[in-house]
Each structure stands twice: as structure tokens, then as C-alpha cells.
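Since this is a predicted model, take the numbers as computed values, not measurements.
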Amino acid sequence: MKLVRYGAPGAEKPAVIAMNGDGTEHAYDLSPVTDDITGEFLAADGLAAAKRALDAGDLPTVELDGQRLGAPIARPSAIICVGMNYAEHAAESGSAPPTVPIIFFKTPNTVAGPDDEAFIPRNSTKTDWEVELGVVIGKRASYLESPEQAAGHIAGYLTANDLSERTFQIEDSGGQWSKGKCAPGFSPLGPWLVPAENVDANNLRLRSWVNGEPRQDSTTADMIFPVDFLVHHLSQYLTMEPGDVILTGTPQGVALSGKYPYLKAGDIVEIEIEGLGRQRQAFAQA
């Protein structure tokens, strides 16, 4: 089961994609169950309700071909990001691997659909790509007692591109990275939200391409801090609400390494995570 939101920006409708008995996937309108895929829907055990309606045959089919896909979770209250969570990425950034998670934030208005047009910010010379595993919170998480408790607070997973402007992030930062992370559309999410029970978050392949040329190719097994640890750790410092998104870091192979040029108008970035779908962004100048 994969949850999607489709339609024009700000007017997305909910749907679910599921495998039929004949081995083919079909999309079904989820509006009989919910108006949207929100944190409130997830907190009310919405994924289970969607599955019950699907299994009962209560959902009409819907055609997604030719439809714009939005982010599969409606506007989160927070996008919490983990920096340098892969050892080789830390090395290419010129840093030692962190001993505790490095945290920064992106504003909710950075969320975009997986294939929406993306923009090089004004005055940018170092716009970069970062394929990342996104974690969607399904139940309020605060002061969890152990990493083992984290699973009960995760609704599902999605593909994310943590777009970054490195001059803004590093040279103009004043010590905090968010200046380089919060340009409009800098958090493309999706195409799908896959329930946590269907995902092995500790062993997923992540890849990225620029203009068809390979850039990143790694697995979440190389994370310094795995998902359950991160959810528990973050819960000691902040309360995560249903619908909030955690971006868990990116592997090596970004432009910051010095091996590749930064993005420019006309470039095409594609990213993919095993089982969680593929994104494609065409870049224009803001």
C-alpha cells in the first residue's frame, strides 16, 4: 500500500495505490476515508482505516496517469533534518563523523511535489542535491524511553531531496545551516508514503543522478545514527507531532565534495530510494 496526494498545488486529493490479485497496481480514491493525508489522519490510525476500506472494496478507482503528484503528506508542522549522518559524506564535507546527531530545520513552505519544477535561488552559485530517507511521524513522540519505542511513533517512509545552497549554508550561515536549506521548494517529498510495516529502513538503496549521470549510490545501512536511534534522540529535545518529517541525512556524492559541478538552470536531478519511488526535478532560475 502506497499513499499519494494528486492534483494542483494546494488542492491535492488523497489516493492509495495497491497491488491487485492479478499482480498489477491500481490507484483508488481515498476521499471516502479522509479529505487529505494529514498528521491528524495518521494520528487517528488512518493507515489502518485506509487498508480496511481498500480490503473491503469501498474505494473507487482513480486514474493518476497525467496527474501532478504532490508531497504525500500535507504540510508538516516541522521538517527536522540530520546533518552528516553517513561517514563518507562527512569525510567529503571535510569533517569527522559526528559523535551526536547534528540537527537543523527546514521551514514547512519548502515542501514540494516529487516532480515539481525546482529553482536556483537568487544569488546562488552552489545549489546542491541530497537524496535522503524521510521518516513521517504518526504518533506524538516526546521523551521516548528507548529507541525500541520509536517504531510505534513512525507512520511511514518517503523519498526526499534535501536541496541545499552551500554558500548560504556555510559561509553566510552565522553558525546555523538553515539559511542554505529554506529556499522555496527545497524539500521535494514523495512520490509515495509507504507504511513503516512494509519498509526495512535499515537496508534501502539510495541513488541520485544529474543530467542522467550517476552521483550518489549507497544504502541506509551506512547511516551513523539509524532511524530508531534518531527518533528516540530527538524526542529528548523536542516534541514531534503527527505528520512531521525527519530527513535522515545523505550519503557521499554531492557537489560539496568538489567532484561535481553545482546545479544550474536547465539541469535535471533525479533521485530514487528502493521501494519508495523516484523523483525528477528540472531546475530554473528563480
Enquirer: Any non-hydrogen side-chain atom of K13 less than 4.5 Å from a side-chain atom of D29?
Expert: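 A side-chain contact is absent here, since even the closest heavy-atom pair is not under 4.5 Å.
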
Enquirer: Other residues, nucleotides and ligands only: do more than 12 of their heavy atoms fall within 6.0 Å of CD on E25?
Expert: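 Counting neighbours around CD of E25, more than 12 heavy atoms of other residues, nucleotides or ligands fall under 6.0 Å, so yes.
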
Enquirer: With rounding to the nearest 0.5 Å, note down the distance linking CG in L47 to CG in L193.
Expert: 6.5 Å

Enquirer: Look up atom CG in N161 and atom CG in L247, then write down how far apart they are to the nearest 0.5 Å.
Expert: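 If we round to the nearest 0.5 Å, N161:CG and L247:CG are 9.5 Å apart.
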
Enquirer: Does this structure show an ion pair linking E241 with R140, if we count only N-O contacts that are shorter than 4.0 Å?
Expert: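 Looking at R140 together with E241, the answer is yes, because their closest N to O distance falls below 4.0 Å.
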
Enquirer: Would you compute the distance between atom CD1 of I80 and atom CG of L238 and round it to the nearest 0.5 angstrom?
Expert: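 Going from CD1 on I80 over to CG on L238, the span is 5.0 Å.
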
Enquirer: With the side chain counted from C-beta on, respond yes when Y157 and V227 share a heavy-atom pair under 4.5 Å apart, and no when they do not.
Expert: yes

Enquirer: First locate atom CH2 of W129, then atom CZ of R215, and finally report the distance between them rounded to the nearest 0.5 Å.
Expert: 5.0 Å

Enquirer: Return the orientation label for the Y237 and H233 ring planes: parallel under 30°, perpendicular over 60°, tilted otherwise.
Expert: tilted

Enquirer: Does CG belonging to N20 count more than 12 external heavy atoms closer than 6.0 Å?
Expert: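 Result for CG/N20: enclosed.
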
Enquirer: Of R166, K181, K264, which is the lone residue that meets salt bridge (Lys or Arg N to Asp or Glu O under 4.0 Å) with D128?
Expert: R166

Enquirer: In terms of hydrophobic clustering (I, L, V, M, F, W, Y; side-chain heavy atoms under 4.5 Å; direct or indirect links), are M223 and L158 co-clustered?
Expert: no

